[in-house]
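Beneath this line is the structure, given in structure tokens, with notes to follow.
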Amino acid sequence: MGKLWLALLAGLAVTPAQAAAVKDALVVDLPGDVATMDPQLQWDTDSYTVYRNIFDNLVTRDSTGKIVPQVATAWHYTDDKTIVFDLRTDIKFQDGTPLTPADVVFSVQRIIDPAFRSPQLSQFNQIASADVTGPSQVTLHTKTPYPALLAQLVKLSIVPKAYVQKLGNQGFNQKPMGSGPYRLQDWQRGVQSVLAANPAYWRGKPPFATVTFRAVPDTATRIADLRTGRADITRGLSPDDAIALKSEHALKVLSVPTERVAYLFINAEAGPTKDVRVRQAIAMAIDRDTLITALQQGYAKPVNIVLTPANFGYVSDIPGWPYDPARARALIKEAGAEGAKLQFLTSPAYDRRLNEAVQQMLGEVGLKVEIVTMDQATYLKRRQGTPQEAGSLSQGRWSCACQDADGVIFPLFRSGSIWSKYSNPAFDAAVDAARSVLDPAKRLAEYHKAFTILREDVPGVGLFQDVAIYAARTNLQWTPTANEAFFVMDMHWTP
Amino acid sequence: MPRHIAGRVGQALVAAFGVLSIVFVVLHLSGDPTLLLVPPDASAAQIAELRHALGFDRPLLAQYLAYLGQLAHFDLGQSLVQRAPVAVILAARIPYTVELALAALAVAIGLGLPAGIAMAVWRGRPAARLLAVVVLAGQSLPTFWSGILLILLFGVTLGWLPTSGADSASSVILPAVALGLVTMAGFARMMRIAMLDELGRDYVAAARARGLSRGAAILRHVLRNAAIPVVTIAALEIGNLLAGAVIVETVFAWPGIGQLAMQSIAARDFLVVQAVVLFVSLVYIGMNLLADLAYAWIDPRIRRGP
Amino acid sequence: MRRPPPAILLLLAILAGFVVMALAAPLLAPYDPLHQSLLARLRPPGTALRAGRFLLGTDDLGRDLLSRLIFGARASLAVAASSVAVSLATGSLLGLLSGWRRGWSEIVIMRLVDSMLSIPAILLAVLTVAVLGPGFVKLVLVLGLTRWPRYTRVAYAQTLQVAALPYIRAAEMAGCRPWRILLRHILPNIAGPLLVVATSEFGLMILFEAGLSFLGLGIQPPTPSWGSIMSAGRDYVARAWWLTVFPGAALFLLVLSVNLLGDWLRDRLDPRSATR
């Protein structure tokens, strides 16, 4: 035992020599396998990471987060509910057939068809219809004026109409084919997916001949894979993993502040937290600076509201609650909530350390927090259930992958939403107004109102802006983005 | 005798049916996959709509009968998450699972039997005690820890074996060792007792009187007599090796059905979980039926049993 | 009864040591096992700070590892002992019943045993935790209710043998009440083998709790158990070895001692090896 340990320690100090030669292949370690290859079905991170490299989108985001053309070259609104897209004519699918407006219309109609039962339906169901309106033109109609439309279209993959109809939905899910930089070469379910470069890709020659996405559920094993050169890049590391990897010469840590906000949900409709004073006390009991410096080791940025600066609608002039345990204790005493028991619902998907740190901080101001860990499905059932079922507290890491406040505070706090355990007509009016006007200035003004209300009512506390951490071989060049997209086309080996 | 076998087979099928029913009820009590299938910003109405479309708002009994009806046509159904036939998903994993189970069994038997023999021969000596500690050591460490230590030592530090995956012939070695060390103790224990038994018999003395070396005589008899207990223990362990290797499969990224079952439970992908359970229980029951029949054949007194 | 050999006495002493550690945890632990200091995270063994001296270092929330280890013995031992008690009681009762009554109860119970044994225990445990939710009592119930068939098998086989003995038949003829025969005559005769199963299950249960902790469904934080300390420390295998090595060593020593004791018991009770 002791000897084994010595041997291990010795091994940890040195990294085995790596073949420095530039490879023509890229190997990615992901936590899981692709669930569906059909880009209009599952939207979990692992599936997303793989299949989005096979397809193109109508619009995309550049490295600064701005929405820029991809299949569409330009777009304009003809009225509040109608938007016209001009399309490129030089894009070919991987089987050589051209990408036409009919394919774009088919892609939209397919995902909004209730009979198709796409899990992504709620992201696109504001679209009423799509029509071909010219040889290289498509027109979309929305049910109401819908400012988040372009942000949602960033995630809509364009699928080939004729090919999908020929193979059927199930066949397409097995053998997907798109117009993107890579095509599916081999898919061993549960093991790995291998993509091969599409040499005729319209945006240029893809950087690697093949890209292999392996399913490796355990983070410690993924790191071992990186250290031995079995994998070139992996995602989803913790700040502590990043610190541990800093001494490895063959590896580097890539990180980027994301649109994902870490927040503490506080139930405003049931239990001791129904009293707004208790909620305000909780906001003042949490030492967010220490969470960021000690727990996140700097891999996080402070936020004043439940939103990140990477989202549209972020307002920086609303002050966050200060860390003031003495005032928090006094408020709790005033509310008669000393020693009140709060259930903190969570699942293994959320950072255990943050839960326990919050538990201690609230304990110090006189609240008894009980952490209840359930598996993810049970957790969702309770968290999204009635206010009585939802517990008093929980941690969240929210991203709508749309970089818009509408995708964050609307589902989290609008009354009637499954996540919301809070109701304030003035807040509802503000977020409703912000989602049905197109003018950005007017929307921003509504969000300012909404966040001012949230600050006083505290149905949740923004903890920090999450930072996505990746580890890669030193000679892999890539700049990760705030929306956590993983486009292989943007990576390359340095010679 | 044939009637007896038919009875046993019938009872075994009832047991498999029991397993399936237990798992069906427990699974459905634990909720349904609708909430995991929709994006986080879905509305309550959209969720209710999807739940209805998937049929999870029907009474449990109706769902159960529908499932049995499907099974009666040898149809395992479609995975809700992967939108592919369950049979295809399961079939992709079975070769890996069988490979790992057999390799782990080989490790357990290959190390366990010699260790058991040595422990019997050296009985009472310090060497036997030491061996007992070594044999039990594998059973006394959590695999989520021993697994990562094996990866760090043989994969990272020494660089002898792959750290994860199932893509080369040597990939199976580390997970098989991690799993086999846990199972080894059972075989060693059984072998030691069988060996002690033999050492106390008259024929050992007789064999030696005939001039046969003691070792050869003992080994031949012991191995013959131990064959059936070995099969019995292997039969008992097979269920655990097939789908209970959840943690080892997770640590080593081995794409077996244990991992599939865990992921499917987490995703509430009911039909996949049920298919895994059905597969494992049929294999388990089949193996034990064979072991029972072998016993009955050897020792007729047991035949009157259930 | 022969005096146990010194090696066995040593094992018993180790076990007793762990039990004392669990019972007297508040007296033995130098610090509050739950008190975090986020600015003193992951300090190596022997670190001395203003807050005190951390003999075994601190964990990822800056808590004293030694104190957590001492308190962790409580949760680990309590889960194992209670779940063994639940499964031993349930399993033996059903085994006695099916071996004594035979007939339908035998068929139903033993097929149920087959069914239960054919589902890998870890899957069944994860499923039941999903339904019941976490917590100490529920964890004990989950473990107890998934492990009883092992005892039933042994109790059943032993009861079959013992019930066929002439003196039991004689007692039955003499009009002794069945439950009296079961408790007074049969149970004492089959207790030995059941005890052997219980010892090996005890070690398994400790590992099982650790495994469920690894899957995030074990003892609830912040209460420490050896399994939960290890599964949390596993993220730091390279950076903070002490987080897994110390609880791992304690767990190893405990489970190994229990298993060695079990093997010794088995030897003492097995009539075949006793002939030698």
Side-chain angles (χ1 to χ4, degrees), chain A residues 1-2 4-6 8-9 11-13 218-220 223-224 227 237-241 243-248 287 289-297 344-361 363-364 369-379 381-382, chain C residues 32-42 44 58-63 68 125-136 138-139 212-224 228-229 231-246 248-249 251-253 256:
Chain A
M1 180 59 226
L4 173 70
W5 198 257
L6 282 179
L8 275 174
L9 284 179
L12 295 172
D218 189 4
T219 316
I223 292 175
R227 296 178 63 204
L237 299 184
S238 74
D240 286 319
D241 296 331
I243 305 278
L245 281 176
K246 283 229 161 123
S247 57
E248 297 270 343
D287 181 359
D289 288 341
T290 302
L291 291 183
I292 291 173
T293 52
L295 212 53
Q296 294 294 119
Q297 321 244 15
F344 190 120
L345 302 192
T346 193
S347 88
Y350 302 96
D351 185 5
R352 171 192 56 79
R353 291 164 290 204
L354 185 63
N355 294 343
E356 292 187 47
V358 167
Q359 181 181 39
Q360 159 144 324
M361 288 172 182
E364 278 164 10
V369 175
E370 178 202 2
I371 296 179
V372 183
T373 313
M374 294 154 285
D375 80 332
Q376 184 70 5
T378 317
Y379 165 74
K381 197 163 105 182
R382 282 196 61 188
Chain C
D32 177 355
L34 304 184
H35 183 78
Q36 310 167 2
S37 44
L38 292 180
L39 297 173
R41 302 175 69 230
L42 304 172
T58 62
D59 75 354
D60 56 349
L61 287 163
R63 296 174 291 207
R68 288 182 70 72
V126 168
L127 266 177
T128 19
V129 173
V131 177
L132 292 178
F136 177 82
K138 287 166 184 165
L139 189 63
L212 282 177
S213 286
F214 174 66
L215 299 172
L217 302 168
I219 289 286
Q220 290 299 290
T223 309
S228 69
I229 299 173
S231 65
R234 200 177 166 280
D235 295 343
Y236 305 93
V237 162
R239 217 179 133 199
W241 54 269
W242 56 94
L243 288 182
T244 42
V245 168
F246 294 126
L251 201 141
F252 179 78
L253 202 58
L256 187 72

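On a predicted model such as this, the values are computed, not experimentally measured, just so you know. Order of the sequence lines sets the chain letters (A, B, ...), proteins ahead of strands, with each chain counted from 1.
Between D60(C) and L295(A), every side-chain heavy-atom pair lies at or beyond the 4.5 Å cut-off.
The contact between L34(C) and chain A is made entirely by backbone atoms, counting heavy-atom distances below 4.5 Å. For L61(C), the part sitting under 4.5 Å from any heavy atom of chain A is the side chain, from C-beta outward, and nothing else. Looking at Q376(A), there are no atoms closer than 4.5 Å to chain C (heavy atoms on both sides), in backbone or side chain. The parts of A232(C) that come within reach of chain A are both its backbone and its side chain, each placing non-hydrogen atoms under 4.5 angstrom from that chain. Proximity to chain A (any heavy atom under 4.5 Å) is restricted, for Y236(C), to the side chain, taken from C-beta onward.
Counting heavy-atom pairs closer than 4.5 Å to chain C, the top-ranked of the candidates D287(A), N355(A), D240(A), I371(A) is D240(A). Between chain A and the residues G133(C), G216(C), G135(C), the most heavy-atom pairs under 4.5 angstrom are made by G216(C).
Without hydrogens or angle criteria, Q36(C) side chain to E356(A) main chain gives a donor-acceptor distance under 3.5 Å.
Here CG of L215(C) is found 12.5 Å from OG1 of T373(A). Values are rounded to the nearest 0.5 Å. For the atom pair CG of L38(C) and OG1 of T293(A), the computed distance is 8.5 Å after rounding to the nearest 0.5 Å.
A salt bridge does not link D235(C) to R352(A): none of the charged side-chain nitrogens sits closer than 4.0 Å to a carboxylate oxygen.
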